[in-house]
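Throughout, a chain's letter reflects where its sequence line sits, starting with A, and its residues are numbered from 1. Quantities reported herein were computed from a predicted structural model and do not represent experimental measurements.
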Amino acid sequence: MFTIATWNINSVRLREMLVARLLTEEAPDILCLQEIKSPVDKVPLETFRALGYNHIVARGQKGYNGVAILSKLPLEDAGDRDYASLGHARHVAARLENGVTIHNFYVPAGGDIPDREQNIKFGQKLDFLTEMRDAFHADNPTKSIMVGDLNIAPREDDVWSHKQLLKIVSHTPIEVEHLGAAQDAGKWVDITRQDIPQGLLYSWWSYRAKDWDAADKGRRLDHIWATPDISNAGHASRILRPVRGWEQPSDHVPVLASFDL
DNA sequence: ATGGTAGTATAACTA
């Protein structure tokens, strides 16, 4: 059995000690980070190694984006793809010794206006998702887990108000449709919703709210999926809401699942 | 309707 977590950290250098706290308190076997906002050679790897996370696969760049997989279990680098040819560090993959492949994604946020004619970033987001669909269709993944900040809350109960967010980027029907096409192409099972099928679930709360906890205007942007050959092994999903209340927090909280593999 | 906060290339961008 192993536990995997995904967390958009919004700068791994600024929040090095928050990562260390999560690794100490929850001790997932694997932690996938997004938005590390750092070149790989400036990630504080020694802090993570000292906590037993000796196996690290990452892609970084200066200032923006960046993804990393920290693991207590041996990993081999399984490459990356430049979806939508943006030249951004938004994907990396790794393979465990048991043959399970881990994909870590940071899907573009997509800007504010949900129209590709008016907002190039929204078009890039849709193109990124279309390339994910095509890649999953071509690769037909098996024994795979895909996690990350997908920047889309697909279900009505993944947002604080379905009606009020229908024209807000992250919950528009066209984004949900594109994400669904990528999910279907890989036959991915949403492990969080397999475990917690009913009820409101959020993994992100805006920094701009006066009181994020009281207003509770959250969205479930962070996901853990698995291919159907191993989806039955997934269980014990959790979303660590209290982490949003830690000092100088990320706007995202960790999402966890365990796999009996 | 607007503006609100946070991070990094500390100025203007991205989220």
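Tyr207(A) forms part of no hydrophobic cluster, judged by ILVMFWY side-chain heavy-atom separations under 4.5 Å. Grouped with Leu179(A) in one hydrophobic cluster are Tyr83(A), Leu86(A), Phe105(A), Val107(A), Phe128(A), Leu129(A), Met132(A), Phe136(A), Met146(A), Leu150(A), Ile152(A), Val176(A), Trp188(A), Trp225(A), the linkage being side-chain heavy-atom contacts under 4.5 Å among Ile, Leu, Val, Met, Phe, Trp and Tyr residues. With side-chain heavy atoms closer than 4.5 Å counting as contact, directly or through intermediates, the hydrophobic cluster containing Val169(A) also holds Phe122(A), Leu126(A), Ile174(A). In the hydrophobic clustering (ILVMFWY side chains linked at under 4.5 Å, chained through shared members), Met1(A) stands by itself.
Interface residues of residues 115-133 of chain A facing DNA chain B, ordered by number: Lys121(A); criterion, heavy-atom separation under 4.0 Å.
Atom CG of Asp222(A) and atom P of dA15(B) are 15 Å apart (whole Å). Whole-Å rounding puts the Gln34(A) CD to dA15(B) P distance at 14 Å.
Comparing the same atom, C1', in dG7(B) and in dA11(B) gives a spacing of 13 Å after rounding to whole Å. Between the P atoms of dT14(B) and dT10(B), the separation comes to 15 Å (whole Å). For dA1(B) and dA6(B), the C1' atoms lie 23 Å apart once the distance is rounded to whole Å. The separation of dA9(B) from dA15(B), taken at their C1' atoms, amounts to 16 Å, rounded to a whole angstrom.
Salt bridge present: Asp157(A) and Arg193(A) bring a charged side-chain N and a carboxylate O closer than 4.0 Å.
For the side-chain contact (heavy atoms from CB on, under 4.5 Å) test, residues two or more places apart in sequence or in another chain that qualify with Lys217(A) are Trp160(A), Ala215(A). For Arg95(A), the side-chain contact (heavy atoms from CB on, under 4.5 Å) criterion is met by Glu76(A), Ala78(A), Thr101(A), not counting sequence neighbours. In this view, Asp229(A) and Thr142(A), Lys143(A), Thr227(A) satisfy the side-chain contact (heavy atoms from CB on, under 4.5 Å) rule, not counting sequence neighbours.
Using a 4.0 Å heavy-atom cutoff across all strands shown, Arg219(A) reaches no nucleic acid atom at all.
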* Asked: When you check every protein heavy atom under 4.0 Å of nucleotides 1-11 of chain B, what one-letter string (B, S, -) results, 5' to 3'?
  -> ---BBSSSB--
